[in-house]
Amino acid sequence: MIFPICGFDAKNNILCPQCEGKVDTGVLTKADVEASVTLAKIAKTTKEIENFSLYSCKEFEDNFVLSLAKNDIMIIRQSRTIYRLLQDNFKQKIWLVEADETDKKFIEDLFFPTKILAINVVWSKGIKKTKAIVSGKWTPKFPIDTKKVIEIVKNVRNLDIDIDFEDK
């Protein structure tokens, strides 16, 4: 597995001086460390995730945004068992996004499996605003908390986003 911290540190739940220095200087976050340790623990018993690549993890308000390799996300999305295993081992809700992706792909990943019809960038009075149009119609049973998506996009990508639905 590839982690933001050393593989040895992740497997043994202890930080070497080099990784500890990265946390102290802000290069790595405590969420990076916690996610690495959690994934290393799961990988001991689950062969499917032992080759995953975790690039970073952002944590805020009971949410973990895991930046993984594209193939790793595909494996998780194809197996409800693996997704549940990951969700059960993390204390908070997990969101899966591809590492080093565009803002558009980032937003699409947050809405998976819901289809995004369009993502537009609008300038209004000197302020950049992003607007996402989601397929279908919003109902109280809509599976994705749009308020959390707005918070995640703001905190992780520093984008102001409006979310509209195709059918009002």
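A pairwise comparison of heavy atoms in D160 and K154 identifies OD1-NZ, 3.3 Å as the closest pair. In terms of heavy-atom proximity, K11 sits nearest to K44 at O-NZ, 3.5 Å. Nearest heavy-atom pair, V156 versus V65, reported as atom, atom and distance to 0.1 Å: CG2-CG2, 4.3 Å. The minimum heavy-atom distance between E98 and D109, with the atom names listed, is N-OD2, 2.9 Å. Between I163 and T146, the shortest heavy-atom distance links the atoms CD1-O, 3.8 Å. The two residues E166 and G136 make their nearest non-hydrogen contact at OE1-N, 3.0 Å.
The closest side-chain heavy-atom distance from N63 to K93 is below 4.5 Å. The closest side-chain heavy-atom distance from C57 to T29 is not below 4.5 Å. Side-chain contact between L15 and I5 is present, with at least one heavy-atom pair separated by less than 4.5 Å. Considering only heavy atoms from C-beta on, I76 comes within 4.5 Å of L68 through its side chain. K41 is listed as a side-chain neighbour of N89, based on a closest heavy-atom distance under 4.5 Å. For the pair E101/E108, no side-chain contact is recorded, criterion being any heavy-atom separation below 4.5 Å from C-beta on.
Taken from OG1 in T102 to CD1 in I119, the straight-line distance is 8.0 Å, to the nearest 0.5 Å. If you take CZ on F3 and CG on D9, they are separated by 10.5 Å, rounding to the nearest 0.5 Å. R77 contributes atom CZ, which lies 6.5 Å from atom CG of L96 (distance to the nearest 0.5 angstrom). We find the CD1-CG distance between I133 and N120 to be 5.5 Å, quoted to the nearest 0.5 Å. Considering CD of E61 and NZ of K147, their distance stands at 13.0 Å, rounded to 0.5 Å. Taking CG from N13 and OG from S36, the interatomic distance works out to 10.5 Å, rounded to the nearest 0.5 Å.
Residue K129 qualifies as enclosed at atom NZ: its count of foreign heavy atoms under 6.0 Å is above 12. By the neighbour-count criterion of 12 heavy atoms within 6.0 Å, atom NZ of K104 is sparsely surrounded, having that number or fewer from other residues, nucleotides or ligands. For D100, the CG atom counts as loosely surrounded, since its 6.0 Å shell holds 12 or fewer non-hydrogen atoms of other residues, nucleotides or ligands. The number of heavy atoms from other shown groups lying within 6.0 Å of CG (L117) is above 12.
There is a path of hydrophobic side-chain contacts, each under 4.5 Å, that joins L66 to V33. The hydrophobic clustering, which links ILVMFWY residues whose side-chain heavy atoms are closer than 4.5 Å, places I152 and Y55 apart. Hydrophobic clustering of Ile, Leu, Val, Met, Phe, Trp and Tyr side chains at less than 4.5 Å, counting indirect connections, keeps W95 apart from I82. Taking hydrophobic clusters as Ile, Leu, Val, Met, Phe, Trp and Tyr residues chained together by side-chain heavy-atom distances below 4.5 Å, L159 shares a cluster with V134. In the hydrophobic cluster analysis, where Ile, Leu, Val, Met, Phe, Trp and Tyr join through side-chain heavy atoms closer than 4.5 angstrom, F106 is grouped together with I150.
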| said: Does I94 form a side-chain contact (heavy atoms from CB on, under 4.5 Å) with Y83? I'd like the steps, not just the answer. | reply: CA-CA 9 Å; I94 61 169; Y83 178 79; 4.0 Å; yes
| task | Show your reasoning for whether side-chain contact (heavy atoms from CB on, under 4.5 Å) applies to K128 and V121. | result | CA-CA 7 Å; K128 181 179 176 182; V121 177; 3.5 Å; yes
| Does the pair L39 and L86 meet the rule for a side-chain contact (heavy atoms from CB on, under 4.5 Å), with working shown? | CA-CA 8 Å; L39 285 175; L86 291 173; 3.5 Å; yes
| task | Go through the steps for T130 and D103 under the test side-chain contact (heavy atoms from CB on, under 4.5 Å), then give the verdict. | result | CA-CA 10 Å; T130 304; D103 292 338; over 6 Å; no
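Checked by atom type and distance alone, the side chain of T45 pairs as donor or acceptor with a backbone atom of I42 at under 3.5 Å.
Aromatic ring pairs are classed by plane angle as parallel below 30°, tilted from 30° to 60° and perpendicular above 60°; the pair F142 and F165 is perpendicular.
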